[in-house]
Engineer: 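Mind looking over this structure? Questions follow.
Remember, it's a predicted structure, so these values are computed and weren't measured experimentally. For ligands, and for the atoms within them, numbers begin at 1 and follow the listed sequence.
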Amino acid sequence: MKKHIFFTGFMASGKSRTGRAMADRLQRPFIDTDSVIVERAGKSISEIFEQDGEAKFREMEREVIAEIARNESPQVVSLGGGALNQPENIKAIRSSGVLVRLWAKPEILSERIGRKNTRPLLANLNDEERLAKIKVMLKEREKNYAQADFSVESTNEANEAHVIERILHMLKFWESHALDVCPSSGGRYPIFIGKNITPTAACLLEGLRLTPNYEFLVCTDTTIAKAQNEMLQELRGQAGRCPVFKFQAGERNKTLHNLNQLYSFMLHRNYTRKSCLLQFSGGVVGDMAGFGAATYQRGIPFIQFPTTLLSMVDSSVGGKVAVNHPEGKNMIGAFYQPSAVVCDISVLSTLPENEYLAGLAEIVKYGVIYDEEFFKYMEQNVEAIKRHDYDTLRHLIFRSCQIKAEVVGIDEKEAGLRAILNYGHTFGHAIEKITNYEKFSHGIAVSLGMRVAARTAVLLGKIDEVTEKRQNALLDALGFPKSFGVNAEAAWNAMAVDKKAEKGTRVYILPTKIGEVEKVTNIDKELINKSWLAIQAKEA
Ligand code: NAD
Ligand code: MG
């Protein structure tokens, strides 16, 4: 569990009361940052504001929060109203704990505040004026509160024990928080990785439920709906037994036509913008329903619950959503980020072995393009990987997401760096294309593509054969196919029509060592033809 628990929320939302009760329950110290400042300054907050100015107060507040963040022993902290206005504070809070927002309906806040009439900002107003002012202030501060990791309602004053239980329940789920993705265009979303965490993921929905009449929809495919029916029902149950929309499983169904059925489904059921898609699926439905979320009424939130290894380490992270067009894969799409990604390793128990292998291909790719240590980890844990060992899988998923998040954080829209994620893909796509997307799954085609790319790098003198062999030995050990009788000419033509390639140039991502790649353009056709021999049967 992350060290500290920080509470934020509007005045009278119960930060101090709940904070104290939580501290008692966990037998931790309770700190109210405002009280610490008052004690240190030897005067009240209004006196500090009057005599020393707000800047001085904010400086003291920063110091207090930084001290708490550095403190190794876990505390429960109630934050002052303006604390989240300062980015340094948010950084310190995030790095050292969980930020919980307490909320209550404006009517209830107004009633609580009116009862005491001690809050200077809201003193001496009649009921109507006070409620109106609270509504305005809540709106102004929403962007601060929205920084919270999760929200808990403190409406029912009589039942504090219940609020504490809910928070503890959420903190339990929060233990699976693995990392945050921060796309270069702004925003931030968490990735959770754990075992059997789908049934407790409801705390992610609590924040959304702050909006009255919020509605949910689960999207999945026909195969997953059968294989993971129990988990699907759990998820659905958490979202108020919301409807489930099932796409037909399979890449060939990733079409605008099928997506249109989702739009119709939602429109017939009067889904408004106040709705959220929960995608319980692999990459096909994840991409398709993600594009649905990006475009339904100009965009609604969505949460990814990836059910394949590939979607956990690749398609759920990075914000690319799309459907296929007869002219090419993923040609119609958008960049649109999810609100969260929940990787529940338990759901992989029913995933067919070849789909597991497909995910592993992308994981090996991360090692080759970015991180030799990670590559080495895989070399040393082949057996554990093959028997789906939980801790090993968790590390593979975690590090893969971290690498993808880092790359996407620098280059969300593929202006440069993100292209390195296409390692093995230029060749892999050609293989998929000339085999009509039937012979190999995407991941397997990519694994073959990585072999061809490594050979290209050898022929260009960028790596030596030892490095090529090292990559291929790991692929062999994990059980990837070694060869495929490809026709170099057909493959060359298949590569030429990659619509996302830079105009007029052919782009290749090639290794310069394990853990590093570079972009190379316009390689001689003869050399590329020769590279395909890397995967011709019996060339050794
Ligand atoms: P998929 O979604 O088709 O799932 C593979 C198969 O496994 C399907 O038949 C599915 O029904 C079944 N399945 C899924 N989870 C299961 C489970 N837990 N138990 C039993 N069966 C299960 O394929 P995928 O490999 O997850 O995704 C491939 C798609 O991802 C492609 O369309 C590709 O374009 C896309 N993709 C997107 C990105 C991106 O950045 N958006 C990145 C990589 C791949
Ligand atoms: Mg891929």
Engineer: Evaluating non-hydrogen atoms only, which member of D314, T223, D287, V323 is closest to atom 42 (C) of ligand 1?
Structural biologist: D314
Engineer: So does D149 pair up with R188, basic N to acidic O under 4.0 Å?
Structural biologist: yes
Engineer: So that I can tick it off, tell me whether R470 and E372 are bridged by a salt bridge, with the cut-off set at under 4.0 angstrom between side-chain N and carboxylate O.
Structural biologist: yes
Engineer: What distance do R394 atom CZ and R399 atom CZ have between them, rounded to the nearest 0.5 Å?
Structural biologist: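 These two atoms lie 14.0 Å from each other.
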Engineer: Any donor-acceptor pair under 3.5 Å linking the side-chain atoms of Y189 with those of Q337?
Structural biologist: yes
Engineer: Please calculate the NE2(H425)-the Mg ion (ligand 2)-OE2(E362) angle and round it to 10 degrees.
Structural biologist: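 Approximately 100° at the metal, rounded to tens of degrees.
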Engineer: Is I224 in contact with ligand 1, taking contact as a heavy-atom separation below 4.0 Å?
Structural biologist: yes
Engineer: Say whether E362 and ligand 1 are in contact under the criterion: heavy-atom distance to a ligand atom below 4.0 Å.
Structural biologist: no
Engineer: Using a strict threshold of under 4.0 Å (side-chain N to carboxylate O), is an ion pair present between K376 and E373?
Structural biologist: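 Salt bridge between E373 and K376, a charged N being under 4.0 Å from a carboxylate O: yes.
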Engineer: By number and element, which atoms of ligand 1 are closer than 4.0 Å to a non-hydrogen atom of T308?
Structural biologist: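 Within the 4.0 Å cut-off of T308, ligand 1 contributes 4 (O), 14 (C), 15 (N), 24 (P), 26 (O).
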Engineer: Which of the listed options, A322, S441, G283, holds the heavy atom that is closest to atom 23 (O) of ligand 1?
Structural biologist: G283
Engineer: If you have a sec, work out which protein heavy atom is nearest atom 19 (N) of ligand 1 and how many Å separate them, to one decimal?
Structural biologist: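 For atom 19 (N) of ligand 1, the nearest protein heavy atom is T350 OG1, 2.7 Å.
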Engineer: Check whether any N, O or S atom of D314 sits under 2.8 Å from the Mg ion (ligand 2).
Structural biologist: no
Engineer: How far is atom 1 (P) of ligand 1 from its nearest protein heavy atom, and which residue and atom name does that atom have?
Structural biologist: V284 CG2, 3.8 Å
Engineer: For a quick check under 3.5 Å, do T198 and D344 share a side-chain donor-acceptor pair by atom type?
Structural biologist: yes
Engineer: Counting heavy atoms not belonging to E353, are there more than 12 under 6.0 Å from its CD?
Structural biologist: yes
Engineer: Would you check if there is a donor-acceptor pair between the side chains of H425 and E362 at a distance under 3.5 Å?
Structural biologist: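 Judged by distance alone, the side chains do pair up.
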Engineer: Which of the numbered atoms in ligand 1 are below 4.0 angstrom from a heavy atom of K329?
Structural biologist: 34 (O)
Engineer: If you measure from the Lys or Arg side-chain nitrogens to the Asp or Glu carboxylate oxygens, is any gap between R101 and E142 under 4.0 Å?
Structural biologist: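 Yes, charged N to carboxylate O under 4.0 Å.
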Engineer: Among protein heavy atoms, which sits nearest to atom 39 (C) of ligand 1, and what does the distance come to when rounded to 0.1 Å?
Structural biologist: S315 CA, 3.5 Å
Engineer: Which residue and non-hydrogen atom of the protein lie closest to atom 40 (O) of ligand 1, and at what distance in Å?
Structural biologist: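 I find the closest protein heavy atom is K404 NZ, 3.5 Å.
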Engineer: Counting from 1, what ligand 1 atoms have a heavy atom of E355 closer than 4.0 Å?
Structural biologist: 5 (C), 6 (C), 7 (O)
Engineer: Determine whether the side chain, the backbone, both or neither of N330 has a heavy atom under 4.0 Å from any heavy atom of ligand 1.
Structural biologist: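 Near ligand 1, N330 shows its side chain, while the N, CA, C and O stay back.
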Engineer: Considering the options N381, V364, I363, which one meets the side-chain contact (heavy atoms from CB on, under 4.5 Å) requirement together with L396?
Structural biologist: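 Single side-chain contact (heavy atoms from CB on, under 4.5 Å) partner of L396 among N381, V364, I363: I363.
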Engineer: Taking the six-membered ring for Trp and the full ring for Phe, Tyr or His, determine whether the centres of F375 and Y366 are under 6.0 Å apart.
Structural biologist: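 Here the rings of Y366 and F375 have centres that are no less than 6.0 Å from each other.
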Engineer: Can you check side chain to side chain donor-acceptor pair (under 3.5 Å) on Y356 and T308, steps first, answer last?
Structural biologist: CA-CA 7 Å; Y356 182 74; T308 64; over 6 Å; no
Engineer: For ligand 1, which part of H429 has a heavy atom less than 4.0 Å away: the side chain, the backbone, both, or neither?
Structural biologist: neither
Engineer: Using a 4.0 Å heavy-atom threshold (strictly under), name the region of T307 that reaches ligand 1: side chain, backbone, both or neither.
Structural biologist: both
Engineer: Considering only non-hydrogen protein atoms, determine which one is nearest to atom 9 (O) of ligand 1 and report residue, atom name and distance to 0.1 Å.
Structural biologist: A249 CB, 4.1 Å
Engineer: Tell me which part of H442 gets within contact of ligand 1: side chain, backbone, both or neither, using heavy atoms under 4.0 Å.
Structural biologist: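 No part of H442 is near ligand 1 at this cut-off.
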Engineer: Assess the pair F484 and F440: is the distance between their ring centroids shorter than 6.0 Å?
Structural biologist: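 Ring centroids of F484 and F440 are less than 6.0 Å from each other.
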Engineer: Please determine whether any non-hydrogen atom of R252 lies less than 4.0 Å from an atom of ligand 1.
Structural biologist: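 Outside the 4.0 Å threshold, so no.
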Engineer: Can you pull out the closest protein heavy atom to atom 18 (N) of ligand 1? Residue, atom name and distance to 0.1 Å, please.
Structural biologist: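 Here the closest protein heavy atom is V347 O, 2.9 Å.
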Engineer: What residue and atom, counting heavy atoms only, is the protein's closest point to atom 21 (N) of ligand 1, and at what distance?
Structural biologist: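 Looking at atom 21 (N) of ligand 1, the protein heavy atom closest to it is P352 CD, 3.8 Å.
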Engineer: Would you call D287 and K320 a salt bridge, taking side-chain N to carboxylate O under 4.0 Å as the test?
Structural biologist: no
Engineer: If the cut-off is 4.0 Å to any non-hydrogen atom of E251, which atoms of ligand 1 fall inside it?
Structural biologist: 31 (C), 32 (O)
Engineer: Just to be sure I read this right, does ligand 1 sit under 4.0 Å from the backbone of L310, its side chain, both, or neither, counting only heavy atoms?
Structural biologist: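 Within the 4.0 Å criterion, L310 contacts ligand 1 through side-chain atoms alone.
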Engineer: Could you state the interatomic distance from CZ (F305) to CG (L232), rounded to the nearest 0.5 Å?
Structural biologist: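 Between F305 CZ and L232 CG, I get 11.0 Å after rounding to 0.5 Å.
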Engineer: Quick one: does ligand 1 sit under 4.0 Å from the side chain of K254, the backbone, both or neither, non-hydrogen atoms only?
Structural biologist: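 Answer for K254: side chain.
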Engineer: For atom 11 (O) of ligand 1, what is the nearest protein heavy atom, given as residue, atom name and distance?
Structural biologist: D221 OD2, 2.8 Å
